[in-house]
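In this text, all values refer to a predicted model and were calculated from it rather than measured experimentally. Within every chain, numbering begins at 1; the chains are lettered A, B, ... in the order of the sequence lines, protein sequences first and strands thereafter.
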Amino acid sequence: MVNAAWVNDDIVVLHRTGEGGLAAKKFPAQYTCYLRASDVSNEDLRKLRDWKHIKALKREGSWWRLTWANWKVLRKACEKGGLFDRADIPTFEADLHPVRRFFTDNPIVIARPKRAYIDLETDSRKPIAQTIDGRSRILCWSIVNEHGEKIAGVLEEDTDEAERELLEDFWYELKSYEQVIAWGGDDFDFEVLKRRCWRLGMEVNLKRWLWLDHLTLFRRMNMSASESGDEKQSMALDSVSHAILGVGKAPVDAALSWEYWAAGGAKREELVRYCVRDTNLMRLIEEKTGFIDLHQKVCEVCTTLPDSRGVNPTNFVEGYLLKLARERDVHFKSKFSFDRNDIDQFEGAYVMEPARTGLIENVHVCDFASLYPSIIITWNISPETYRPDIKLRESAGSRPSYLSHLPLKEYPIPEGHCAALNDAVFTTEFTGVLPEALIRLLELRSVWKEKKNAEAPGTDKWKEADRRSSGYKIVANSCYGVMGSPFSRFYEPAIAEAVTVSGQWLLKKTIAAAEDRGYEGLYGDTDSCFIANVSREAFSAFVDWCNKELYPNLLNERRCMRNAIKLSYEKQFRRMIMVGKKRYAASFAHYEGKDATADSKPEIKGLEYKRGDTLRLARQFQHQVVSKLLYEDLDQEQYTALVGQWRQRILEHELELEDVVMSKRISKPLDEYKQRLKKDNTLSSRPAHVELAIELNKKGADIRPGQRIRYIVADASVSPMKVISDKDFDGNNFDRFYMWENLVYPPTQRVLEAVYPGKHWNSLLKARPRKTRARAPAKPKVDLRKNGSVLLPGFE
DNA sequence: AACTTTGGCAGGCAGT
DNA sequence: ACTGCCTGCCAA
């Protein structure tokens, strides 16, 4: 099956014919809910059978399956305050979308769709918001397929008739494809197409295609892949293709598309070439990253349509679990919406305070393989195995206050059950749907990982196996998060917490066991232990012992039905700089047994170097110092001198735009940023980038959530500080003192202070001259433009 | 229009 | 110089 849609009480399925063509088939949509058989009396059943809104009532295992006449009555009867709610009979899966219902009930195999990458150019004379609303003409379109075949159309003249013709050609060409991919398509191209056709009175069945936003997918998949903050500056297609493909900037400014089109002739052709080139970039990015292929595998595993919605974990995890649950006679509670009051925060992972900071030699790291999935399997954690009625200790509120000094009574774990470390109890009499799902996923993952390893790297078979094994892993790792999400039908904070708190316990026990042996427990975060003062052989033996002795014994205490917990010896750092929780840098001695080579890159976590919201100069400075600390043996004076050079560079030398610009994202609609009332009855100012965004918005820019604001701090000696747009940079209108004191030096200062403790480093911080009055910015002593290359020793 | 989680650090604003 | 709060972004 390629696609399916709910149309007028039918599920219309598009599927491949034997010859590779496409055919449509209709099935009646099922408006269905389940009731637990034990919840309904014979009397209830009789009434339901006679009710005209119910078309069928069928016994399925321990459930009654009700099929309703239409979607509306189903909802009305099952929603909060509806018939069943009032009768106190819980309904199950009543809210399920008919397409998901169809996928769950039938043996569906999701096929790989034929892909079309598309891009549009629109009339640039109107603001973008109006264009998205369909008020600008589409000037040209282009389609590129997976094989690199390109086709484009361009508007003949500035009339509705011409545009209709242009779009008719587009839809005609698109008929050869099943999936449409555009960079930022959800926010722009798809919306524009829909509205433009609607305005021009064209009837197009948009449900015929799978619409996939490449940007959304890329952002999700690339989260863990990017190295430095440099790569996080922008998600525009040009920036991403630059980072991934090394392709430079486009020669045509999209803001001038109208001028290009209106000029006609060669200019107009240039616009079309630009459009095609951009479209092709997506194909090349996919060739390099394979993210769309990976998404396809996730969707195939989960019986989810490979469109933008399919990217969401709640969606694909639901697809996988519902199908498996139905096989196993399990159904899930209806969930129409959620109440804000029903959201319970739950405890997360354990992060150990580093035992010491600074330079540390020979640190060994072990981590738990797929920790949360293995905990779910080990404790049999699932909505239907959870026994909230079984308590392991007396609750504090249940006894009179004069007894409150006595310890609370504890009860043993009952036979046939196990207990997570938040004392949530789960039955062990049968395997839960969630553990079963994870067992299968992890098994398939390892099967495909082995197949991958049997192939020559880089070949098609290798790639295919690699995608599959990654796909299974993604689905497995998403399950925990989905249990903890109020948007999901599996939301159950107590269960999510059973997972995290049990993880805390395992991690703490592991570090304690290492310390018992005289090793140094240095640091740990969620599923990893950093251990020093131990040899490679001893550490390897320790990991084996944990797996053979420690965990089986611990899990026995909690009465777990099986043991899926596995610790692995991941790597050894030759030298690491520990700065604080979630902040460190390290050079490798070996990784999974493979020795590091001269060109092995350091591992850097959490430091400003990794962040996209720091100054480029700050990243460069920090990276240089961190590299020297890890790979060279300078003394403290040499670092002091280096700091002095950077200080001078920031305070006195010519700096270019990219050295002084900051970039932060707008995360929500601008009017939702909080402003509190100050004591003088005026409103407090918002963060600098928000204030600037609001200002730009007033001037006609269209700033929306997700967009990055580039700004320069012009004067931080006043509060709130004065910022300007990067467009207004003139080479001198920025605050050097602020840059050094607040943005460039502190990140490196913290690293140096960790390695060489003491007050020494602070003496290089202060830079701003004492306040006289409106201070003139320092003049550069040396003009880099005239002198050319690097002037001072120590720069790289 | 939809939405995987918690833990953690750092900077700016406003107040003491 | 300190705190609380808001915000952004990263680790896991």
One should read off an interatomic distance between A:Leu617 CG and A:Thr748 OG1, to the nearest 0.5 angstrom, of 10.5 Å

Tell me whether the side-chain N/O atoms of A:Asn742 come closer than 4.0 Å to OP1 or OP2 in B:dG11.
no

Would you tell me if any nitrogen or oxygen in the side chain of A:Lys582 comes within less than 4.0 Å of OP1 or OP2 on C:dC9?
no

Do side-chain atoms of A:Asn3 reach the backbone of A:Lys207 as a donor and acceptor pair under 3.5 angstrom?
yes

Of the candidate nucleotides B:dG8, B:dG12, B:dC3, which contains the atom at the shortest distance from the side chain of A:Asn315?
B:dC3

Counting side-chain heavy atoms from C-beta on, which of C:dC6, B:dT6, B:dG8 comes nearest to A:Phe346?
B:dT6

Could you tell me how the ring of A:Trp6 sits relative to the ring of A:His97: parallel (under 30°), tilted (30 to 60°) or perpendicular (over 60°)?
perpendicular

Phosphate oxygens OP1/OP2 of B:dG12: is one of them under 4.0 Å from a side-chain N or O of A:Tyr711?
no

Looking at residues 605-612 of chain A, who's got a heavy atom less than 4.0 Å off DNA chain C?
A:Lys605, A:Gly606, A:Lys610, A:Arg611, A:Gly612

State which of B:dC3, B:dT6, C:dC10 makes the closest approach to the side chain of A:Arg309.
B:dC3

What is the separation between atom CZ on A:Arg219 and atom P on B:dT4, rounded to the nearest whole Å?
13 Å

Relative to each other, are the rings of A:Tyr584 and A:Phe530 parallel, tilted or perpendicular (30° and 60° limits)?
perpendicular

Under the side chain to side chain contact (heavy atoms under 4.5 Å, CB included) rule, what do A:Phe218 and A:Met235 come out as? Steps first, then yes or no, please.
CA-CA 9 Å; A:Phe218 182 89; A:Met235 277 292 171; 4.0 Å; yes

Take A:Arg309 and A:Asp307 through the test salt bridge (Lys or Arg N to Asp or Glu O under 4.0 Å) and record every step on the way to the result.
CA-CA 5 Å; A:Arg309 289 203 57 199; A:Asp307 58 12; over 6 Å; no

What is the distance, rounded to the nearest whole Å, between atom CG of A:Asp527 and atom P of C:dA12?
8 Å

Has A:Arg445 got a side-chain atom pairing as donor or acceptor with A:Tyr472's backbone, closer than 3.5 angstrom?
no

Please check if the side chain of A:Tyr609 supplies one atom and the backbone of A:Phe621 the other of a donor-acceptor pair under 3.5 Å.
no

Should A:Arg750 be listed as having a side-chain N or O under 4.0 Å from OP1 or OP2 of B:dA10?
yes

Please answer whether the main-chain N or O of A:Asp186 pairs with a side-chain N or O of A:Asp213 as donor and acceptor at a distance below 3.5 Å.
yes

Picking from B:dG7, B:dC3, B:dA14, which would you name as closest to the side chain of A:Pro720?
B:dA14

May I ask you to evaluate whether A:Ser488 reaches the phosphate of B:dT4, defined as a side-chain N or O under 4.0 Å from OP1 or OP2?
no

Is there any protein nitrogen or oxygen under 3.5 Å from a nitrogen or oxygen in nucleotides 3-5 of chain C, and what are the pairs?
none

Phosphate oxygens OP1/OP2 of C:dG8: is one of them under 4.0 Å from a side-chain N or O of A:Tyr673?
yes

Under 4.0 angstrom between A:Thr500 side-chain N/O and B:dT6 OP1 or OP2
no

So A:Ala349, base contact, sugar-phosphate only, or nothing? Heavy-atom distance under 4.0 Å.
sugar-phosphate

Please tell me which of the listed nucleotides, B:dC3, C:dA12, C:dC9, lies nearest to the side chain of A:Thr526?
C:dA12

Under 4.0 Å from OP1 or OP2 of C:dT7: is there any side-chain N or O of A:Lys668 that close?
yes

Does B:dC3 have OP1 or OP2 under 4.0 Å away from a side-chain N or O of A:Arg489?
no

Which residues in residues 682-695 of chain A have a heavy atom closer than 4.0 Å to any atom of DNA chain C?
A:Pro687, A:His689

Return the value, rounded to whole Å, for the distance between atom CD1 of A:Ile474 and atom P of B:dT5.
17 Å

From the candidates C:dG8, B:dG8, B:dG12, the one with an atom nearest any side-chain atom of A:Lys664 is C:dG8

Please state how far atom OH in A:Tyr745 lies from atom P in B:dA10, giving the value in whole angstrom units.
15 Å

Indicate yes or no for a side-chain donor-acceptor contact from A:Thr304 to the backbone of A:Gly310 under 3.5 Å, with no hydrogens or angles considered.
no

Nearest to the side chain of A:Tyr738, which nucleotide is it out of B:dA14, B:dC3, B:dG11?
B:dG11

Here's one to test your reading of the geometry: is the NZ or CZ of A:Lys508 within 45 degrees of the ring axis of A:Tyr350 and under 6.0 Å from its centre?
yes

I need the NZ-C1' distance between A:Lys679 and B:dC13, as an integer number of Å.
15 Å

d(CD, A:Gln749; P, B:dC9) in whole Å:
18 Å

So do the side chains of A:Leu434 and A:Met483 get within less than 4.5 Å of each other, counting heavy atoms only?
yes

Hey, does the side chain of A:Thr314 come within less than 4.0 Å of B:dC3's phosphate (OP1/OP2), counting only N and O?
yes

Out of C:dT7, B:dT4, B:dG12, whichever nucleotide has its closest atom nearest the side chain of A:Met721:
B:dG12

Provide, to the nearest angstrom, the distance between the CG atom belonging to A:Asp680 and the P atom belonging to B:dG15.
7 Å

Taking A:Arg665's backbone N and O only, do any of them form a donor-acceptor pair with A:His689's side chain (distance below 3.5 Å, no angle check)?
yes

Nearest-nucleotide comparison on DNA chain B, the residue closer to the 5′ end among A:Tyr480 and A:Gly580
A:Tyr480

Expected output: side-chain A:Glu497 to main-chain A:Glu347 donor-acceptor under 3.5 Å:
yes

Between B:dG7 (C1') and A:Gln345 (CD): distance, integer Å
12 Å

